[in-house]
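Worksheet for the structure shown next.
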Amino acid sequence: MAPRRTRATERDRSRRVLSQNFLADPAALTRVVRAAHPDPDDLVLEVGAGRGQLTRPLAARCGRLVAYEVDPVAAAELAAVCAGLPNVRHRQADFLTAEPPAEPFAVVGNIPWSLTSAVVRWCLAAPRLRAATLLTQLEYARRRSGDYGRWSRLTVLTWPEFSWRLAGRVPRTAFRPVPRVDAGILRIDRRSEPLLAPGALPAYRRMVELGFGGAGGSLAASLRRRHPPARLAAALRATRLDPATPVGHVWPEQWLVLFRLLHAG
């Protein structure tokens, strides 16, 4: 007998539009909270709070928590959870429209995967952000943290100010409904001291954009468009980089050394 086809309900369609996959496994929830390691004095913003599965354990570990959930159905359940947590405020609102706090804060969340890039951009642009611990698709977390042995443009651009790392993996079976792929816990930390002076950051970013410009398929070919060949060759030797190295295979630390050598004096 052929399997019976069931019609998607309005709620099913809403979950698909909102990229909702609720974290249901207690061990996975513990793993996310441990990766976030909020301080008892911390202000934490939770993005994509859903029904409050992550809200409860986060509230037990941090000083204050603001839980954002845009879906009115899930937000009604979240409000009931937050009512019993004195250090939690519930916001039925789009996190991406929120004004960043004027004090140091952290972001934690099982974010809608379709909005991953937008949430990451919001975090990087928030002046007082201390750290972000985000549950993303595993591939995204691996690409951003260099786990494939390759580094993305965004990671390299922001490396002087932020560190990126894969803080753990969560199997797809830990979610309801079950997504098609596993998740990764992406941890982004603002450095207490930038690796470059603030005045040098614009020039560093221009060099990274030039390097990722795609000329010739290698970092050396891209940088040769603006830097004297002899000086570039010397900088590559000092950095122990083969001129044929593809741009994505250059470590962030090597970018910093190259920048200092090419812009010295």
Side-chain angles (χ1 to χ4, degrees), residues 15 18-113 115-116 118-136 141 162-168 170 174-176 183-192:
R15 283 176 177 165
L18 295 170
S19 298
Q20 288 176 317
N21 298 99
F22 299 117
L23 196 55
D25 179 54
L29 289 165
T30 299
R31 206 172 308 150
V32 174
V33 174
R34 186 180 298 124
H37 58 83
D39 187 270
D41 297 323
D42 274 357
L43 167 63
V44 175
L45 308 189
E46 184 188 1
V47 52
R51 300 169 180 149
Q53 295 96 329
L54 188 56
T55 308
R56 291 185 185 90
L58 278 176
R61 299 281 295 276
C62 70
R64 289 168 292 149
L65 178 66
V66 183
Y68 285 87
E69 176 53 56
V70 69
D71 175 23
V73 176
E77 298 180 51
L78 177 64
V81 170
C82 294
L85 301 170
N87 63 332
V88 179
R89 283 185 294 157
H90 156 248
R91 296 272 179 86
Q92 185 187 329
D94 181 357
F95 172 80
L96 294 173
T97 66
E99 286 292 326
E103 62 183 287
F105 70 98
V107 171
V108 182
N110 173 24
I111 63 178
W113 289 353
L115 298 177
T116 299
V119 171
V120 168
R121 285 196 302 270
W122 187 100
C123 291
L124 295 175
R128 303 306 300 274
L129 177 85
R130 184 182 58 76
T133 306
L134 306 173
L135 202 53
T136 73
F162 295 92
S163 67
W164 301 67
R165 65 184 175 89
L166 178 64
V170 175
F175 297 89
R176 296 294 180 273
I185 304 173
L186 178 64
R187 174 79 185 199
I188 307 171
D189 284 276
R190 184 184 297 276
R191 301 186 190 279
S192 56

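Quantities reported herein were computed from a predicted structural model and do not represent experimental measurements. Residue numbers start at 1 and run along the sequence shown.
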| query | Where is the tightest heavy-atom contact between Cys62 and Asn87, given as atom of each residue plus distance? | reply | O-ND2, 3.2 Å
| message | Checking the side chain of Arg187 only, and the main-chain atoms of Ala36 only, is there a donor and an acceptor separated by less than 3.5 Å? | response | yes
| task | State, to 0.1 Å, how close Gly48 and Glu69 come at their nearest heavy-atom pair, and which atoms those are. | result | C-OE1, 3.6 Å
| query | Once you round to the nearest 0.5 Å, how far does CD of Glu46 lie from OG1 of Thr133? | reply | 11.5 Å
| query | Which atom pair, heavy atoms only, marks the closest approach of His90 to Ala75? | reply | NE2-O, 3.5 Å
| Crowding at CZ, Arg89 (>12 non-hydrogen neighbours, <6.0 Å) | no
| query | What heavy-atom pair brings Gln53 and Gly50 nearest, and what distance separates the two atoms? | reply | OE1-C, 4.4 Å
| message | Going by ring pair (Phe, Tyr, Trp, His ring centres under 6.0 Å), name the residues that satisfy it together with Phe95, two or more places apart in sequence or in a different chain. | response | Tyr68, Trp122
| query | Got a sec, which residues hit salt bridge (Lys or Arg N to Asp or Glu O under 4.0 Å) with Asp25, two or more places apart in sequence or on another chain? | reply | none
| For Val120, side-chain contact (heavy atoms from CB on, under 4.5 Å) partners two or more places apart | Thr116, Leu124, Leu134, Tyr140, Leu154, Trp164, Ile188
| query | Rounded to the nearest 0.5 Å, how far apart are CG of Asn110 and CD1 of Ile185? | reply | 10.0 Å
| query | Can you name the side chain to side chain donor-acceptor pair (under 3.5 Å) partners of Thr136, sequence neighbours left out? | reply | none
| note | Contacts of Ala183 meeting side-chain contact (heavy atoms from CB on, under 4.5 Å) (sequence neighbours excluded), chain-then-number -> Trp113, Leu135, Val170, Phe175
| said: Once salt bridge (Lys or Arg N to Asp or Glu O under 4.0 Å) is applied, do any residues pair with Glu103, and if so which ones, sequence neighbours excluded? | reply: Arg64
| request: Can you sort out the partners of Pro104 under side-chain contact (heavy atoms from CB on, under 4.5 Å), two or more places apart, ordered by chain and number? | output: Arg128
| field | Distance-minimising heavy-atom pair for Ala141 and Leu166 | value | CB-CD1, 3.7 Å
| note | Taken to the nearest 0.5 Å, the spacing of Cys82 SG from Arg56 CZ works out to 9.0 Å
| query | Would you say Phe105 and Asp42 make side-chain contact, with heavy atoms under 4.5 Å? | reply | no
Identify every side-chain donor-acceptor pair in residues 26-35 under 3.5 Å, counting partners at least two apart or on other chains, and give the distances.
unit_1 : atom_1 : unit_2 : atom_2 : d
Thr30  : OG1    : Pro26  : O      : 3.1
Arg31  : NH1    : Arg169 : O      : 2.6

| Residues in salt bridge (Lys or Arg N to Asp or Glu O under 4.0 Å) with Arg61, at least two apart? | none
| field | Separation of Arg51 CZ from Phe22 CZ (nearest 0.5 Å) | value | 4.5 Å
| Which heavy-atom pair separates Leu129 from Cys123 by the least distance, and what is that distance? | CD2-O, 3.2 Å
| message | According to ring pair (Phe, Tyr, Trp, His ring centres under 6.0 Å), does anything in residues 33-58 pair up with another residue at least two apart or in another chain? List the pairs. | response | none
| said: Less than 4.5 Å apart, side chain to side chain, heavy atoms only: is that true for Val108 and Pro38? | reply: no
| Qualifying residues under side-chain contact (heavy atoms from CB on, under 4.5 Å), relative to Ala118, sequence neighbours excluded | Leu96, Arg121
| With sequence neighbours excluded, what pairs up with Arg91 under the salt bridge (Lys or Arg N to Asp or Glu O under 4.0 Å) test? | none
